[in-house]
Amino acid sequence: MSSIATIGRTIILAAGAAAFSAWAISNPPGEEPKAALQPAEPRHMPEEARNSVRKIVVLPMPSPAGQAVTGDYQKETLGLGAGAAKGSQIGKGVQTEVGGIPVGYPVPILSLPGAIIGGISGYSKREMQEFRDGLTRDLAEAASQPLTNDAIASDVFWGLRNVPNVEPRLMAPTTAIPEDTDAILYISLSDITINVQGKEAAIITSANATLRRVSDGSDIYKTDVEYQDRDTLSNWNDDDHALWHDYVNFAKHYLGREISAELFQRTELQQEIRPAKSPTIKKVKKNDWAGISKTSTPTLAWEPVLRDDDPLTSAGVISKADIAYDVEIYDMDRLVYSANGIPTTSHAVLEELEPCKTYRWSVRPSFQLANGTRYGEWMRANAGEKTGNGKSGIAASVAPAYIYDFASLEIKCRRR
C-alpha cells in the first residue's frame with residue numbers, strides 16, 4: 001500500500017521576523033522581462049511506462065491518516081524554544097458511503113493539539129483563533145468535504161477516463177481487484193498544513209499518487225503534488241471564511257488534474273502562448289493579459305510560439321497544423337466555461353458570461369501522438385514562473401493560486 005503521512009507530524013512555526021514575499025499587485029496579471037525560456041525537466045511519467053499499463057484500478061485510501069492538519073492552533077503559547085510537544089491524535093470522524101465507496105470526514109483540528117511552539121508575535125490572537133475555529137466548524141459540518149482521499153481519487157479517475165488506451169476503474173479498498181488489472185493507482189491526501197507568520201497565513205495541501213504493477217508489486221511511478229495559497233488572516237476570516245471555501249475547491253481541482261496530467265496526459269511541448277488581439281476585447285492599459293469586453297460572448301484569441309529546438313517539432317512528430325486547443329474560463333470560485341479541440345487560435349464563447357464580473361481564462365495545446373492525446377501547459381503570464389504553474393498562490397483575495405496568472409477578462413455592466 002502507498003505510504004501515508006502520520007498524524008503525529010507537526011509543523012514548527014518560526015518566529016515572525018521574515019514575512020511572506022510581497023504580493024500587493026493589481027488584479028490583472030502582467031509580464032516582466034525575462035530570459036529566453038529554458039527546457040524544463042519533464043514533469044510526467046515516461047512514455048514507455050505509460051505504454052506498459054492499460055487496465056488500472058484507482059483506490060482511495062480511506063484512512064483518517066490521509067488528512068493531517070498541522071499548524072499552531074494553541075490559544076496560549078510559551079517562549080520560543082521552550083514549548084513541549086504534547087502529541088497528536090486524530091478524531092474518529094464520520095463515515096458514510098457514496099456510490100458504494102466509504103467516505104470519511106475526519107475532523108483532525110478538533111483533536112489535534114499538535115505542539116506548543118511559543119514566541120510567535122506580530123499577529124492577532126483573536127484573528128488566529130477565529131481562523132482556527134472557522135476551519136474546525138467547516139471540516140466538522142461540511143456535508144460534502146472536497147478534501148478527502150475519495151474526492152481526489154474521483155477527480156483523478158474522471159481525468160483518466162479521457163485518456164485513450166487507458167481503462168480506469170474506481171473501486172473501494174475492500175473490493176477484490178479484478179484479475180486482469182495491470183496496475184493499481186493509490187491516491188492519498190497526505191496533509192493540510194497551515195503556516196502563520198505575522199498577520200499572514202499560507203495553506204498547503206499535499207497529495208500522493210503511487211502507480212503499482214500488479215504482476216510483481218513494483219512501483220511504476222510515484223509523485224507528490226501540493227497546492228498552496230496565502231493571504232492575511234483578516235482576509236481568510238472575511239465573509240464567513242469565503243476564501244477558505246474557494247481554496248478547498250481549487251485545491252481539489254488542481255490535485256486531481258495535476259496527478260492525471262503527470263501520469264498520462266502531459267508532455268513537455270516547448271511552446272509559449274500569449275493572448276492576441278480580438279475584435280471584441282479591448283486591452284486594459286496596453287496590457288495583453290488584461291482585457292475588457294462589452295459583449296457577454298466575447299471572442300478569445302491567442303498566439304502560440306513554438307520553439308525551434310522543441311524535440312517534438314524538430315523531429316517532425318507534430319507541426320502547428322496538428323495542434324488543437326482547449327479553452328477554460330473561471331470566475332473567482334470555479335470553472336464556468338470550457339471548450340475542447342478548437343482547431344484555430346480563436347474562439348467565440350458560446351454561452352453568455354455574467355456582466356459586471358471579472359473572469360480568468362486560459363488555453364492549452366492538445367495533439368495526437370501514436371499513443372493518444374497529449375497536452376501542453378496552460379497559458380500563463382510570465383510562463384507561470386510566479387505561481388509554479390498555478391500551484392503556489394500570491395494573494396487568494398486577488399485570485400486563487402490556480403488561476404492567478406491566467407489572462408483576466410472583465411465583462412462590462414449592461415446599460416439600463
Side-chain angles (χ1 to χ4, degrees), residues 2 4-5 58-69 93-94 96 98-99 101-109 134-135 138-162 168 170 185-194 202-209 223-231 236 241-263 265-266 328-338 360 362 378 387-393 396 399-404 406:
S2 60
I4 302 177
V58 181
L59 288 184
M61 300 299 296
S63 168
Q67 188 182 15
V69 177
V94 179
T96 184
V98 178
I101 298 177
V103 179
Y105 300 111
V107 191
I109 291 180
L135 269 60
D138 187 74
L139 289 174
E141 300 172 2
S144 179
Q145 178 55 248
L147 292 180
T148 63
N149 294 341
D150 306 88
I152 305 301
S154 179
D155 274 16
V156 173
F157 165 75
W158 286 107
L160 297 182
R161 290 259 299 182
N162 296 323
L170 179 62
L185 177 59
Y186 296 96
I187 303 295
S188 60
L189 188 67
S190 303
D191 57 29
I192 303 174
T193 302
I194 302 174
I203 308 176
I204 308 169
T205 301
S206 306
N208 171 267
T223 184
D224 295 296
V225 179
E226 70 175 35
Y227 179 81
Q228 66 174 297
D229 217 336
R230 66 186 64 195
D231 216 308
W236 283 117
H241 305 93
L243 288 184
W244 159 253
H245 298 143
D246 288 342
Y247 171 84
V248 296
N249 290 333
F250 276 96
K252 171 178 175 290
H253 182 66
Y254 175 85
L255 295 173
R257 170 169 283 191
E258 185 67 10
I259 291 172
S260 298
E262 281 198 28
L263 288 170
Q265 296 179 323
R266 176 180 292 134
E328 290 188 345
I329 303 176
Y330 293 78
D331 62 16
M332 296 302 108
D333 303 313
R334 60 188 175 86
L335 176 68
V336 297
Y337 180 86
S338 64
R360 301 283 172 127
S362 185
W378 289 98
T387 66
N389 283 319
K391 73 174 182 180
S392 180
Y402 185 69
I403 63 172
Y404 187 90
F406 283 179

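One-based numbering along the sequence shown. Keep in mind it's a predicted model, so treat the numbers as computed, not measured.
When side chains are defined from C-beta on, E258 does not count as touching Y227, because their heavy atoms never get closer than 4.5 Å. In this structure the side chain of D333 never reaches within 4.5 angstrom of the side chain of N249, judged on heavy atoms.
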Step by step, work out the side chain to side chain contact (heavy atoms under 4.5 Å, CB included) result for M332 and I403.
-> CA-CA 8 Å; M332 296 302 108; I403 63 172; 4.1 Å; yes
Evaluation steps, side chain to side chain contact (heavy atoms under 4.5 Å, CB included), between L170 and S154 | CA-CA 7 Å; L170 179 62; S154 179; 4.3 Å; yes
Give the C-alpha distance, both sets of side-chain angles, the deciding distance and a yes or no for side chain to side chain contact (heavy atoms under 4.5 Å, CB included) between D155 and L255.
-> CA-CA 8 Å; D155 274 16; L255 295 173; over 6 Å; no
Take D229 and Y404 through the test side chain to side chain contact (heavy atoms under 4.5 Å, CB included) and record every step on the way to the result.
-> CA-CA 10 Å; D229 217 336; Y404 187 90; over 6 Å; no
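Using the six-membered ring where Trp is involved, H253 and Y330 have ring planes that are perpendicular, over 60° apart on the 30 and 60° scheme. Ring planes of W378 and F406: tilted class, angle from 30 to 60°.
Side-chain atoms of S260 come within 3.5 Å of backbone atoms of G256 as a donor-acceptor pair (strictly under, hydrogens ignored). A donor-acceptor distance shorter than 3.5 angstrom exists from the side chain of Q265 to the backbone of G159, with no hydrogens or angles considered. In this structure, D231 contributes its side chain and A396 its backbone to a donor-acceptor pair below 3.5 Å.
Nearest heavy-atom pair across F157 and P168 is CE1-O, 3.4 Å. Nearest heavy atom pair, residue A401 against residue Q228, reads CB-O, 3.4 Å. Taking all atoms of both residues into account, the shortest heavy-atom contact from V225 to Y254 is CG1-CE2, 3.6 Å. Contact record, K252 with L147: N-CD2, 4.1 Å, taken as the closest heavy-atom pair. What you find for L335 and E328 is that their closest heavy atoms are CD1-CB, 3.7 Å. Here the shortest heavy-atom pairing between I187 and A209 reads CD1-CB, 3.7 Å.
Side-chain contact annotation: T205 with Y247, donor-acceptor N/O pair under 3.5 Å present.
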